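I have placed the structure first, in the form of structure tokens, so that the comments after it can refer back to it.
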2 protein chains.
Amino acid sequence: MASYHHGNLSEALLDAAEVQIEAVGLEALSIRACAKAIGVTHSAAFRHYKNKRHLLTALATRSAHRMADAIQLSAEKTAQNKGFLETGLSYIDFAIQNPQQFRSVFREELIDADDGSYRLATARLAAQLGDGREQRSQPEPISEAALLAWSTVHGLACLSIDGSLESDISKADRMQFFRKTLQRLGPVLER
Amino acid sequence: MASYHHGNLSEALLDAAEVQIEAVGLEALSIRACAKAIGVTHSAAFRHYKNKRHLLTALATRSAHRMADAIQLSAEKTAQNKGFLETGLSYIDFAIQNPQQFRSVFREELIDADDGSYRLATARLAAQLGDGREQRSQPEPISEAALLAWSTVHGLACLSIDGSLESDISKADRMQFFRKTLQRLGPVLER
DNA sequence: GTAAAAAGTTTCCACCGGAAACATTGGGGC
DNA sequence: GCCCCAATGTTTCCGGTGGAAACTTTTTAC
């Protein structure tokens, strides 16, 4: 106990960062505060992440997988053909439940977008939106229908957590309204 | 010349901020750098904006109006009934041409979202998307169709400037692809 | 058992946003 | 025409931040 070496500081830093961003916002994340929460000097963090951007990239990667997991889970509970609607709604739901984590995934100016595992995680996420069956191999470009679905869902998520809809739709019936909105998309999502 | 009093420092600060964010990114904006670019002490800025958040709010407000102007201009050049397509495309185009300005408009964690003139500016923007004819009076909630249109366009803009589409669509034929994508929406945008 | 590498700490630096106290200026009332 | 005051800048200070460098402690490999 209370050993000099923490044991799993890199993971602990991510945990602390996750807590901190949901508390104070993604932009206000501070390495020093994360380190202090763990009981370690801020310099220790730089042994595991060469700079703040690398920490945020790791956080974004983990968040992307969390999100993909949540979506996958909801997809498995749903009939194959009604997949898109539930997938889209759980995409939005994750964003609303974990706004800062969601932001961390797409805030490329804060992260190293070329990072391999980050790209992998976001590719997985994107593939989930491109309707259930479409298992894209790498070089094949996204289809029109998939882009339409993804951008609509992504737009709803962004507008929701950015507060731009607050004067229009109350939080209570937001998801219901979103469901109806997404249902409209159905007819034009044919391949 | 070279007078002690600048004359129009608040505007000059916004101009400097606009230049700086497109150069170094919205999150990296520094009041000190803006002030230095103008040739003024950083403290002078606080005479005009009580803190950084207020500066960013003013910047967001101005950017929102710039964007609304650009959209309005393109709408006026277009046939009345084909309005949505061109409106949406110019929304996206503004975002791609001025990514940091676009971000500043919607980055509510950085600005004072309750500010009156900011709300006015974003309301104007939102109204433009809700198809040409629909002149929303304040308390009337957004329609399903309008939300669908707005969120799709907004999603495309966000995904574009965040680089999430880079591996899928080259920049060159991006707008063309977006046009085709948005055209699909037409049939389901009936009121 | 010891040498090297891994993982912490301490100390330093430049920069940042912001507060406070002071200096300069220009405009309005007399 | 003068003077006072409010507006606008400046200087100086503070605590917090990311990051580099040098040092210490621990773990691991041989």
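Being a predicted model, the structure only gives us computed values, none of them experimental.
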**Item:** Gap between atoms NE2 and P, on His48(B) and dG18(C) respectively (whole Å)
**Value:** 16 Å
**Fill in**
From CG of Leu13(A) across to P of dA7(C) the rounded distance in Å is 12 Å
**Atom-pair distance (CG on Leu56(B); C1' on dC16(C)), nearest Å** = 14 Å
**Prompt:** Are any of the side-chain nitrogens in Glu144(B) or Arg179(A) under 4.0 Å away from the carboxylate oxygens of its partner?
**Reply:** no
**Message:** Measure CZ/Arg32(B) against C1'/dT10(D) and give the value in whole Å, please.
**Reply:** 13 Å
**Prompt:** Is there a side-chain contact between Lys36(B) and His42(B) (heavy atoms, below 4.5 Å)?
**Reply:** no
**Message:** Could you go through Trp150(A) and Ile142(A), starting from their C-alpha distance and side-chain angles, then the distance that decides it, and tell me whether this counts as side chain to side chain contact (heavy atoms under 4.5 Å, CB included)?
**Reply:** CA-CA 10 Å; Trp150(A) 185 17; Ile142(A) 192 168; 4.0 Å; yes
**Request:** Determine yes or no for a side-chain-to-main-chain donor-acceptor pair under 3.5 angstrom, with Arg119(B) supplying the side chain and Ala113(B) the backbone.
**Result:** yes
**Item:** Test: Arg62(B) and Glu18(B) ion pair at under 4.0 Å
**Value:** yes
**Message:** For DNA chain C, which residues of residues 16-30 of chain B approach it to below 4.0 angstrom with any heavy atom?
**Reply:** Leu29(B), Ser30(B)
**Message:** Nearest to the Asn51(A) side chain among dG19(D), dG17(C), dT8(D), which nucleotide is it?
**Reply:** dG19(D)
**Asked** In whole Å, what is the span from the CD atom of Glu11(B) to the P atom of dT8(D)?
**Response** 14 Å
**Message:** Heavy atoms within less than 4.0 Å of DNA chain C: which residues of residues 35-46 of chain B have one? Give them sorted by number.
**Reply:** His42(B), Ser43(B), Phe46(B)
**Asked** Going through the distances and angles, do Leu156(B) and Leu147(A) end up as a side chain to side chain contact (heavy atoms under 4.5 Å, CB included)?
**Response** CA-CA 8 Å; Leu156(B) 285 175; Leu147(A) 178 60; 3.7 Å; yes
**Prompt:** Are the aromatic ring centres of Tyr118(A) and His54(A) under 6.0 angstrom apart?
**Reply:** no
**Message:** Just the rounded figure in Å: distance from C1' of dT17(D) to OH of Tyr49(A).
**Reply:** 19 Å
**Item:** Rounded distance (Å) that lies between atom P of dT8(D) and atom CG of Asn8(B)
**Value:** 10 Å
**Item:** Phe178(A) side chain near Asp173(A) side chain, heavy-atom distance below 4.5 Å
**Value:** no
**Request:** Could you tell me whether Asp162(A) and Arg103(A) make a salt bridge, using a distance below 4.0 angstrom between a side-chain N and a carboxylate O?
**Result:** yes
**Asked** When the distance from NE2 of His54(B) to P of dA19(C) is rounded to whole Å, what number comes out?
**Response** 12 Å
